[in-house]
Q: 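Right, I'll just put the structure down here and ask away after.
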Amino acid sequence: MTGHRRLLLLVPLLVLVAACAPVREAASSPVSPLTRIPVADRKAAPDLTGSSLDGKAVRLADYRGKVVVLNVWASWCGPCRAEAPELSRAQQALGAKGVQVLGVDTDARQDKGRAFQDEHDLVYPSLHDPGSRKLVRLPKGYMPQALPYTLFVDRHGKIAAKYLVPLTEADVRTITRPLLAE
């Protein structure tokens, strides 16, 4: 029997033995994109202020008493484009319950952000923050490393959760439900 034939006979045997082995979790299992922060460990969100894409004054502090979904995006970001209609639906569904979506447009040019806002019929305001200059005031560990990036701010102005992938309306409902109950 040649080495090649032995190998052909050995492969099915190895597959059979592997199928009988106990299942173990991989050491590098996927990490949840959601990090909830316990009430006692929450840090105050900085009072992000500036102009909205519509030219109106925007202050994060103006939404104190509401749960704020602070979504960081850019017009060139494909996942941000997919997420935008979901956030508008979340704002429409949850606004009366005390949730406010607030976008942070990191585009260098405000006209790009306005075009994105118009194209997606955003029903929530977006603060224009070219180059993330205002976001650098976030507490250590909360500065976005990729887009989209979302922070959830509780009714007291403290960061209660962060989410590292695109959101759906259902995600927003699930994440804000316990925050609204606090």
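What you see is a predicted model, and the numbers here were worked out from it, not measured in a lab.
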Q: Can you run down the disulfide (SG to SG under 2.5 Å) pairs that involve residues 83-171, sequence neighbours left out, and say none if there aren't any?
A: none
Q: What about L102 and L147, same hydrophobic cluster or not, with Ile/Leu/Val/Met/Phe/Trp/Tyr joined at side-chain heavy-atom distances under 4.5 Å?
A: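 The answer is yes; both residues are in one hydrophobic cluster.
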Q: May I have all residue pairs that pass ring-ring contact (aromatic ring centres under 6.0 Å, His included) and include part of residues 156-182, sequence neighbours excluded?
A: none
Q: Is V39 linked to L151 within one hydrophobic cluster, defined over Ile, Leu, Val, Met, Phe, Trp and Tyr using a side-chain heavy-atom separation of less than 4.5 Å?
A: no
Q: Do L167 and I175 come close enough that some side-chain heavy atom pair is under 4.5 Å?
A: yes
Q: Quick one: do C77 and E83 satisfy side-chain contact (heavy atoms from CB on, under 4.5 Å)? Show the steps, please.
A: CA-CA 10 Å; C77 165; E83 172 183 70; over 6 Å; no
Q: What distance separates H128 NE2 from Q110 CD, expressed to the nearest 0.5 Å?
A: 5.0 Å
Q: With a 4.5 Å heavy-atom cut-off, do T174 and L34 have their side chains touching?
A: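 No, too far: nothing below the 4.5 Å cut-off.
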Q: With sequence neighbours excluded, tell me which residues meet side-chain contact (heavy atoms from CB on, under 4.5 Å) with D118.
A: none
Q: Any side-chain heavy-atom pair from Y149 and V104 closer than 4.5 angstrom?
A: no
Q: Apply side-chain hydrogen bond (donor to acceptor under 3.5 Å, both in side chains) to T150 and list each qualifying residue two or more places apart in sequence or on a separate chain.
A: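 With neighbours one apart ignored, the set is N71.
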Q: Quick one: salt bridge (charged side-chain N to carboxylate O under 4.0 Å, His left out) pairs with a partner in residues 99-110, sequence neighbours left out?
A: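 Salt bridge (charged side-chain N to carboxylate O under 4.0 Å, His left out) check on residues 99-110 returns R109-D111.
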Q: Distance-only criterion, 3.5 Å: show the donor-acceptor pairs between side-chain atoms of residues 120-127 and protein atoms not counting sequence neighbours.
A:
| unit_1 | atom_1 | unit_2 | atom_2 | d |
| --- | --- | --- | --- | --- |
| S126 | OG | W73 | NE1 | 3.3 |

Q: Please collect all salt bridge (charged side-chain N to carboxylate O under 4.0 Å, His left out) contacts where either partner lies in residues 71-82, sequence neighbours excluded, each pair once.
A: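 The answer is R81-E119.
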Q: Show me the donor-acceptor pairs, under 3.5 Å and distance only, between side chains in residues 44-54 and residues at least two apart or in other chains.
A:
| unit_1 | atom_1 | unit_2 | atom_2 | d |
| --- | --- | --- | --- | --- |
| D47 | OD1 | L60 | N | 3.4 |
| D47 | OD1 | A61 | N | 2.9 |
| D47 | OD2 | R59 | NE | 3.1 |
| D47 | OD2 | R59 | NH2 | 2.9 |
| S52 | OG | D54 | N | 3.1 |
| S52 | OG | G55 | N | 3.4 |
| S52 | OG | K56 | N | 3.1 |
| S52 | OG | K56 | O | 3.4 |
| D54 | OD1 | Q117 | NE2 | 2.8 |

Q: With sequence neighbours left out, which residue pairs that include part of residues 35-56 fulfil the ring-ring contact (aromatic ring centres under 6.0 Å, His included) condition?
A: none
Q: Indicate the atoms forming the closest heavy-atom contact of F116 with A84, along with that distance.
A: CZ-CB, 3.8 Å
Q: If the condition is salt bridge (Lys or Arg N to Asp or Glu O under 4.0 Å), which residues does R173 pass it with, not counting sequence neighbours?
A: E169
Q: Report yes or no: do V58 and L138 belong to one cluster of Ile/Leu/Val/Met/Phe/Trp/Tyr joined by side chain heavy-atom distances under 4.5 Å?
A: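 Yes; tracing contacts between hydrophobic side chains, which count when under 4.5 Å, links both residues.
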Q: Apply side-chain contact (heavy atoms from CB on, under 4.5 Å) to residues V68 and F152 and explain how you reach the verdict.
A: CA-CA 6 Å; V68 178; F152 290 80; over 6 Å; no
Q: Any pair with a residue in residues 136-160 that passes salt bridge (charged side-chain N to carboxylate O under 4.0 Å, His left out), sequence neighbours left out, goes on the list, sorted by first then second residue, please.
A: R42-D154
Q: Restricting to non-hydrogen atoms, name the atom on G141 and the atom on K162 that form the minimum distance, rounded to 0.1 Å.
A: O-NZ, 2.9 Å
Q: Using the test side-chain contact (heavy atoms from CB on, under 4.5 Å), find all partners of T168 that sit at least two apart in sequence or belong to another chain.
A: E86, A170, D171
Q: Do you reckon I159 sits in the same ILVMFWY cluster as V69, going by side-chain contacts under 4.5 Å, direct or chained?
A: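 The answer is no; the residues belong to distinct hydrophobic clusters.
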Q: Taking the side chain as every heavy atom from C-beta outward, state whether Y63 and L70 have any pair of such atoms under 4.5 Å apart.
A: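 No. Closest side-chain heavy atoms not under 4.5 Å.
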Q: I'd like to know whether I37 forms a side-chain contact (heavy atoms from CB on, under 4.5 Å) with Y142, so could you lay out the CA-CA distance, the side-chain angles of the two residues, the decisive distance to 0.1 Å, and finally the verdict.
A: CA-CA 12 Å; I37 295 105; Y142 293 95; 3.6 Å; yes
